[in-house]
Amino acid sequence: MDAEFTREWRCHDCGRLLGKTNGSQMQIRRKPLDYVVGFPVLATCPGCGWLNVTNKP
């Protein structure tokens with residue numbers, strides 16, 4: 001499953017890795033949880049608190 005998710009999604013403010021996409025879904029890992037979600041995706045950066053949004057796969 002990991003090999004499929006290759007394109008990185010990073011925080012627009014601090015550059016921290018938020019997730020990886022395979023083009024149709026986004027994988028977000030926050031230990032001990034692992035989420036696979038569809039688009040659009042909204043995520044708060046665990047590093048700086050910035051709200052990030054992506055509509056593109």
As an exercise, state the distance from CZ of Arg30 to OH of Tyr35, rounded to the nearest 0.5 Å. 10.0 Å

Determine the minimum heavy-atom distance between Val36 and Phe5, stating which atoms define it. CG1-CZ, 4.1 Å

Here's a test for you: under side-chain contact (heavy atoms from CB on, under 4.5 Å), which of Met26, Gln25, Gln27 qualifies with Val37? Met26

Would Phe39 and Lys56 count as a side chain to side chain contact (heavy atoms under 4.5 Å, CB included) if you check the C-alpha gap in whole Å, the side-chain angles of each, and the deciding distance to 0.1 Å? CA-CA 7 Å; Phe39 291 90; Lys56 300 177 188 175; 5.8 Å; no

Looking at Val41 and Trp9, what are the two nearest heavy atoms and their distance? CG1-CZ3, 3.6 Å

According to side chain to side chain contact (heavy atoms under 4.5 Å, CB included), who are the partners of Asp13, at least two apart in sequence or on a separate chain? Cys11, Cys48, Trp50

So which atom in His12 and which in Asn52 form the shortest heavy-atom distance, rounded to 0.1 Å? N-OD1, 2.8 Å

Salt bridge (Lys or Arg N to Asp or Glu O under 4.0 Å) against Arg10, all qualifying residues, sequence neighbours excluded: Glu8

Leu33 and Leu18: same hydrophobic cluster, using ILVMFWY side-chain contacts below 4.5 Å? yes

Nearest 0.5 Å please: distance from the CZ atom of Arg29 over to the CG atom of Asp34. 4.5 Å

Side chain to side chain contact (heavy atoms under 4.5 Å, CB included) involving Pro32 - partner list, sequence neighbours excluded: none

Here the pair of heavy atoms bringing Thr44 nearest to Gly49 is CG2-O, 3.5 Å

